[in-house]
Engineer: 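I have a structure I would like to understand better, so I am pasting it below and will then ask my questions one at a time.
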Protein chains: 2
Amino acid sequence: MTESATLERILPGTATAAVRERKRGIDRVIILLEALFRQRAPMRVGDIARLIGAPRSTTYEIVNRLLEADMLETVGTDGHVYFGRAMHLFGWAYSHHNAHYPRIIETLDRLAAESGETVQLCSLRGNKYVVLDCRDSAGPFRISSQVGVEVPIPWTASGRLLLSHMDDDAVRAFIPPEDYRLPDGRMLPQDEFLAAIALARQQGYSESAALADRFTWCLAAPILDGRGAMTLTLCFVLPVDTPEARRIELLALLRERAASLDLVGN
Amino acid sequence: MTESATLERILPGTATAAVRERKRGIDRVIILLEALFRQRAPMRVGDIARLIGAPRSTTYEIVNRLLEADMLETVGTDGHVYFGRAMHLFGWAYSHHNAHYPRIIETLDRLAAESGETVQLCSLRGNKYVVLDCRDSAGPFRISSQVGVEVPIPWTASGRLLLSHMDDDAVRAFIPPEDYRLPDGRMLPQDEFLAAIALARQQGYSESAALADRFTWCLAAPILDGRGAMTLTLCFVLPVDTPEARRIELLALLRERAASLDLVGN
DNA sequence: GCGACGTGTCTAGTATATCGGACAAATAAT
DNA sequence: ATTATTTGTCCGATATACTAGACACGTCGC
């Protein structure tokens, strides 16, 4: 008491500077899992604690409970932990809840095998675009993509399709302003983006060149769910110098396969 | 019974659901997710609360937090919830942490495509056997298997392989006595089981007929991890009347493909 | 040898998350 | 129409989960 009072007098603001507010276990868990996912590699408990700003003792407590539940598992011998088997099963349950998911994956596989190109299954997560699964091209200059990394929607061809159920105002409210800034620094005019969405809606597909990066040409086609909404897209990620004839051929293939997966009209 | 014994390991306190004691949020979350997984279908919040023995108000609180975090998502319009996108991504991260996982899945796909039979990727979860992924045969009398359902290890061919790193005492300690009772009521003598494990270890594969049910003949071959341990198996689930010549052919194919996935010596 | 650092476990105290119960609104049953 | 259930939200009280800090131990580097 005297001690802390003295400390406060000597170092004014220390107490408030170290405002590490108490948090619920459930919140810690969510933050922890998200952090582990972003890291994409096993971590030690101490590092996790530092990364998520949680007390070490709390972090040990939570990690140990999650280990028990198989949601995490130890990796190697020096205290690294990563996602566990339960996560695999829960994720599997999520995917396969849609009874048509196996068909979608089969289509993904076949498109990749037949074309030799990179193919992605895409969707939204909140107001960001994510790749749910992908098959990377086998070529020497492979274009690969990370599953689960969140990307601003305006950077993507699929994003234009996935927003096509929204009107202009909804889109304006949905997309954070900074997401219009492309990776190369250019700002994508909002009107242009809205027009691209309208075009995608009308055409039933979307195409974009050198958007997220200078090297890729993306083709995207929607998979309609039972209510006719576009919640998933299939997407080719091609080298930007792919000949036009080939692109047209692949687009036709993509649209045909995607349409065959639609759940409306069976 | 076996099920609740395992459950008790992962979800301490479930069996004594009659006693309504205060619990941590993190425990509720774990119990909730496991319950949802076992249900294998979207549930309403009220039903979840009843199933896991939690107060309604608490359940709402937790479900809403998990919805925010995308670990759950609403399904349909009448308040059903099920696993969310975050689970898919975490599960994906788990699977693909092993850099060879895509090769394993590719092998699974090819085996299924070439043979037309049901193929499974199997492992252990605690002291139970689980199917991590599978490709069901396309035939009219399809033998399908549920991913994630826990099964007593003695019921399975793969189980004999997955225990082959243990000595007899370790196995005796590991397998709950009731797990030796087969689905048809027969008791599998422990000695017989231990001998089968020794045989599997020596042969490098395992074969079992009419074990888990009267209709299937299982062939299992191990995938060795970097330290030479068998933590995964590939497995054919064949109709029990498959001709011997065909079984021999498939076993050879399975062993060859599984061996090509071994991480030791490569 | 020594100090600096990280790890994993434990404990006591308090800020607060959980719980029971009440509520209005919506659905179902009679 | 009336009654009986269920749903989703809110609130005050208190049991306790979370936190700070100490501890013993192992491992560096020098």
Side-chain angles (χ1 to χ4, degrees), chain A residues 1-8 10-11 13-33 35-36 39 41-69 71-82, chain B residues 11-14 16-33 35-36 39 42-69 71-82:
Chain A
M1 181 162 141
T2 18
E3 206 174 42
S4 64
T6 313
L7 196 68
E8 179 62 19
I10 298 174
L11 303 172
T14 300
T16 48
V19 280
R20 254 232 296 257
E21 48 182 42
R22 189 179 168 130
K23 279 220 178 80
R24 301 195 288 179
I26 173 172
D27 291 327
R28 298 280 190 208
V29 167
I30 289 168
I31 294 169
L32 190 158
L33 294 176
L36 201 54
Q39 208 71 12
M43 294 176 73
R44 311 240 296 265
V45 183
D47 297 323
I48 295 176
R50 204 167 326 108
L51 182 61
I52 68 176
R56 250 160 33 82
S57 54
T58 305
T59 309
Y60 272 102
E61 171 70 24
I62 288 176
V63 166
N64 286 331
R65 186 66 187 90
L66 292 178
L67 285 171
E68 250 181 81
M71 291 178 61
L72 296 181
E73 68 183 34
T74 57
V75 177
T77 56
D78 51 355
H80 285 82
V81 299
Y82 203 52
Chain B
L11 314 172
T14 303
T16 58
V19 187
R20 167 76 66 90
E21 50 186 22
R22 188 178 169 130
K23 279 222 178 79
R24 302 194 290 179
I26 174 171
D27 290 328
R28 298 280 190 207
V29 167
I30 289 167
I31 294 168
L32 190 159
L33 293 176
L36 201 55
Q39 207 72 12
M43 294 176 73
R44 316 224 334 237
V45 183
D47 296 323
I48 295 176
R50 203 167 327 109
L51 181 62
I52 69 177
R56 255 160 28 84
S57 54
T58 306
T59 310
Y60 272 102
E61 170 68 25
I62 288 175
V63 166
N64 286 330
R65 185 68 188 89
L66 293 178
L67 285 171
E68 249 181 79
M71 291 178 61
L72 296 181
E73 69 183 35
T74 57
V75 177
T77 56
D78 51 356
H80 286 82
V81 299
Y82 203 53

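Remember, predicted model here, so these are calculated numbers, not experimental data. The sequence lines fix the lettering, A, B, ..., with proteins before strands; numbering per chain opens at 1. Quick note: numbers below take in every heavy atom, side chains included, and nothing from hydrogens, waters or symmetry partners.
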Engineer: So do the side chains of B/Lys23 and B/Thr58 get within less than 4.5 Å of each other, counting heavy atoms only?
Structural biologist: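 They are not in contact (no side-chain heavy atoms under 4.5 Å apart), so the answer is no.
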Engineer: For residues B/Leu33 and B/Met71, determine if any side-chain heavy atom of one lies less than 4.5 Å from a side-chain heavy atom of the other.
Structural biologist: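 They are in contact (side-chain heavy atoms under 4.5 Å apart), so the answer is yes.
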Engineer: Does any part of the side chain of B/Asn64, heavy atoms only, come nearer than 4.5 Å to the side chain of B/Val45, both counted from C-beta?
Structural biologist: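 Sidechains of B/Asn64 and B/Val45: no contact.
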Engineer: Which parts of nucleotides 21-27 of chain D does protein reach within less than 4.0 Å, heavy atoms only, written one letter per nucleotide 5' to 3' as B for base, S for sugar-phosphate only and - for none?
Structural biologist: B------
Engineer: What integer distance in Å separates B/Ile48:CD1 from D/dT7:C1'?
Structural biologist: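 In whole Å, D/dT7 C1' and B/Ile48 CD1 are 13 Å from each other.
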Engineer: Take the protein atom OH of B/Tyr60 and the nucleotide atom P of C/dG21, then report the distance between them rounded to whole Å.
Structural biologist: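 In whole Å, C/dG21 P lies 18 Å from B/Tyr60 OH.
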Engineer: Heavy atoms, side chains only, cut-off 4.5 Å: are B/Ile30 and A/Glu68 in contact?
Structural biologist: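 No, their side chains stay 4.5 Å or more apart.
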Engineer: Please give, in whole Å, the distance from D/dT7 P to B/Asp47 CG?
Structural biologist: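 Between P of D/dT7 and CG of B/Asp47: 6 Å.
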Engineer: Taking only residues two or more places apart in sequence or in another chain, which ones pass side-chain hydrogen bond (donor to acceptor under 3.5 Å, both in side chains) with A/Asp27?
Structural biologist: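 Listed in chain order: A/Arg24, B/Arg65.
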Engineer: For B/Thr59 and for A/Gly46, locate the closest nucleotide of DNA chain C by heavy-atom distance; then report the residue assigned to the nucleotide nearer the 5' terminus.
Structural biologist: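 Counting from the 5' end, the first nearest nucleotide belongs to A/Gly46.
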Engineer: Expressed as a whole number of angstroms, how long is the span from B/Asn64:CG to D/dT7:C1'?
Structural biologist: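 From B/Asn64 CG to D/dT7 C1': 12 Å.
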Engineer: Can you pull every protein N or O that's under 3.5 Å from an N or O on nucleotides 16-18 of chain C?
Structural biologist:
unit_1, atom_1, unit_2, atom_2, d
C/dA17, N3, B/Arg22, NH2, 2.9
C/dT18, OP1, B/Gly25, N, 2.9
C/dT18, OP2, A/Arg24, NH1, 3.2
C/dT18, O3', B/Lys23, O, 3.4
C/dT18, O2, B/Arg22, NH1, 3.2

Engineer: Can you confirm whether B/Leu51 sits close enough to B/Leu36 that some side-chain heavy atom of one is under 4.5 Å from a side-chain heavy atom of the other?
Structural biologist: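 Contact flag for B/Leu51/B/Leu36 side chains = no.
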Engineer: For B/Arg44 and C/dA26, give me the distance from atom CZ to atom P, rounded to whole Å.
Structural biologist: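 For the pair B/Arg44 CZ and C/dA26 P, the rounded distance is 15 Å.
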Engineer: Contact between A/Glu61 and A/Pro55 at the side-chain level, heavy atoms closer than 4.5 Å - yes or no?
Structural biologist: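 When only atoms from C-beta onward are counted, A/Pro55 and A/Glu61 do not touch, as no gap falls below 4.5 Å.
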Engineer: Between B/Gly25 and B/Ile62, which heavy-atom pair has the shortest distance, and what is it?
Structural biologist: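 Answer, listing the atom of B/Gly25 first, then B/Ile62: O-CD1, 4.0 Å.
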